[in-house]
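In what follows, chains are A, B, ... by sequence order, proteins preceding strands, each numbered from 1.
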Amino acid sequence: MNYDDVMKLALERGFYFPSCEIYGDAHAGFWEYGPAGVGLKNNYLELWRRELVRRDDMLEIDGSQIMSQSVFEASGHLSSFADPIIKCKECKSTFRVDKLISEKTKIEIPESADLLDFDKAISENNLKCPNCKGGFEAARKFNMMFKVGIGPDGEPAYLRPETCQSIFVDFPRLYKTMRGKLPFGVAQIGKSFRNEISPRQSLLRLREFYQAEIEVFCNPNKLNDVEKFSDVQDTVIRVQLDELKEMSCKEAVESDIIPNKFVAYYLGILAEFYEKTGIDMSRSRFRKLGEKEKAFYAEIAFDFEVETTIGWLELVACNYRSDYDLGGHAKKSKEKFEVMDDDEKVLPHVFEISMGIDRSLYSILEHCLRDDKENDRIVLSLKPYLAPIQVGVLSLVKKDGLKEKTDDIYQAIKRKYDSFLDHSGAIGRRYRRLDEVGTPFAITIDHQTLQDDTVTLRDRDSMEQNRIKVSEIDSVLYKKTAFP
RNA sequence: GCGGAGUUAGUCUAGCUCGGUAUGACGUCAGCUUCCCAAGCUGAAGGUCGCGGGUUCAAAUCUCGCACUCCGCACCA
């Protein structure tokens, strides 16, 4: 199933849809999650908490989305999270000015250079618009952060372009009050904002999006002193260098493909997490980024990517950020960020696992959606613990007291399970509808129920049915919908 | 941001050339029927035709602007 099929499902079944869609001035790059989408997202995040945060004894925080200007002076976003651009006076085409200059003249001007340097190079080389030969306006910076004005005087502040800045800024307090000890993992789920030039493809390129970020603070001298590494040493990961290779985490470290056990450990638990989301791991890879591709703060970078019908999608950026962030904030704020590790005073280094939630949810949908032609149905084979509706409760027919019996059973389980009650229409049609939103189980109340207090339990993927006792419904569902 | 294509009910769609406030299907809802896998019958709801201006007695239709979606370019932590 391809992108369009997922999009159609999303719109028709309430997974996600455009924000502000009834108004003409709605902007691109903003989407809402509907009921099914919220259910899936909540369950996905619960799995994330279990498999990463709790597994590794991390702490979770929830930071402010608007942060002060100093934060982004220290983080480098004010100067580096911006592209120098230039606009044609005639046809209004916009170009990356550094790229334009290097293409036409072979003169390399770093993108962080003074704007006047670009203007000078343009006029000295008499560069004109490649589209229409028109002249250029003065170069300017396009910063991808959204600026906001605080209070009546509009004091400048910014919507955070990545959630992790909260974690870095909060580090001194967290470390002191939470009895911190290296390695120290802090996690956060929240929204980030980037003023993308052209957002596209619904959840894949948003201006307002969810991230689940983990920052692990560590002693840079102990990157191979990782006891927990044995938990993942045999975990298989797929690594893309020049070619794609499948290997265990242990092999990856021993062959120096991953530089140390510390990084390998986190790639390992991340792979184990994604395995449980239902994403087809045979269509995934950790891609090592080259010097030019890496973010300005990254020393070592692996992207976790998944293959979809519109190409390889970056779901997670795994960056070894060294002391870039804590060092920057320490310098700017004069706050102390060094901590004691054993008898050593260190400025911790940071390894981050920066996950795009929206993209991950899209990938799950695409990998789980299938066209079951044999049975004339569309099936979303979500893992039961991720499904927004876990169980449908259906009466075979409404009369003869079956409706009342069905209502009773629904009432008995609905607080505990995400359930959906349905009495109307043909039973097959109701099963099809549940299949399409990914509901793994359906309980059907029929005439036999009234005689022996049993119901049928239908399995979405196999379409098989078993009779179980009404008294067993809870324990059976509990087992079948449990997180792994 | 540039170029191209598009936008009519929840979804797909007819109508647009040649102006007269909209067609069909699926889906949804109610009832009947059936009684375990999208059957059938009857009925109903759902559209300021993307938004805004212009021309006209009259605009889904002609015209201009804008927005959004898709494709390509550029951009992309």
With sequence neighbours left out, write down each residue that passes side chain to side chain contact (heavy atoms under 4.5 Å, CB included) with [X], or none if nothing qualifies.
X        : answer
A/Phe193 : A/Gln65, A/Phe146, A/Leu159, A/Lys191, A/Glu208
A/Asp5   : A/Met1, A/Asn2, A/Leu369
A/Met145 : A/Phe72, A/His77, A/Leu78, A/Phe81, A/Asn143, A/Tyr158, A/Pro161

Which pairs, protein N/O on one side and nucleotides 11-13 of chain B N/O on the other, fall under 3.5 Å?
unit_1, atom_1, unit_2, atom_2, d
B/rU11, O4', A/Glu12, OE2, 3.4

*Only counting residues at least two apart or in another chain, list the ones meeting ring-ring contact (aromatic ring centres under 6.0 Å, His included) with A/Tyr210.*
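Per chain and number, A/Tyr210 pairs via ring-ring contact (aromatic ring centres under 6.0 Å, His included) with no residue.
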*Not counting sequence neighbours, which residues clear ring-ring contact (aromatic ring centres under 6.0 Å, His included) with A/Tyr320? List them please.*
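If we apply the ring-ring contact (aromatic ring centres under 6.0 Å, His included) test to A/Tyr320, skipping adjacent residues, the hits are A/His349.
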*From the options A/Arg285, A/Arg238, A/Arg283, select the one residue that forms a salt bridge (Lys or Arg N to Asp or Glu O under 4.0 Å) with A/Glu305.*
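The salt bridge (Lys or Arg N to Asp or Glu O under 4.0 Å) with A/Glu305 is passed solely by A/Arg285 among A/Arg285, A/Arg238, A/Arg283.
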_Results of salt bridge (Lys or Arg N to Asp or Glu O under 4.0 Å) for A/Arg467 - residues two or more places apart only_ =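 Here the qualifying residues are A/Asp446.
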_Nucleic acid contacts of residues 448-477 of chain A, taken as heavy-atom distances under 4.0 Å to RNA chain B_ =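 Under 4.0 Å from RNA chain B: A/Thr456, A/Arg458, A/Met463, A/Gln465.
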*Would you jot down, in residue-number order, the residues of residues 350-369 of chain A having a non-hydrogen atom under 4.0 Å from RNA chain B?*
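Within this stretch, nothing sits under 4.0 Å of the strand.
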*For RNA chain B, which consecutive runs of 3 or more Watson-Crick or G-U pairs (each distance under 3.5 Å) count as stems?*
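Stems for RNA chain B, defined as runs of 3 or more consecutive pairs: B:1-7 with B:67-73, B:10-12 with B:24-26, B:28-32 with B:40-44, B:50-54 with B:62-66.
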Could you list, one pair per line, each protein nitrogen or oxygen that sits under 3.5 Å from a nitrogen or oxygen of nucleotides 27-29 of chain B, together with the distance?
unit_1, atom_1, unit_2, atom_2, d
B/rG27, OP1, A/Arg429, NH1, 3.3
B/rG27, OP1, A/Arg429, NH2, 3.4
B/rU28, OP1, A/Arg433, NH1, 2.2
B/rU28, OP2, A/Arg429, NH1, 3.0

*asked:* Any donor-acceptor pair, under 3.5 Å, between the side chain of A/Arg205 and the base of B/rC75, if you only look at N and O atoms?
replied: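 Such a pair exists between side chain and base.
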*asked:* Distance check, rounded to the nearest 0.5 Å: A/Ile409 atom CD1 versus A/Lys414 atom NZ?
replied: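 That separation rounds to 14.0 Å.
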*Please determine if a side-chain N or O atom of A/His27 lies less than 4.0 Å away from the OP1 or OP2 oxygen of B/rC68.*
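A/His27 to B/rC68 OP1/OP2: side-chain N or O found under 4.0 Å.
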*asked:* Applying salt bridge (charged side-chain N to carboxylate O under 4.0 Å, His left out) as the test, list every pair that has at least one member in residues 350-367 of chain A; sequence neighbours left out.
replied: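 For residues 350-367 of chain A: A/Arg321-A/Glu352.
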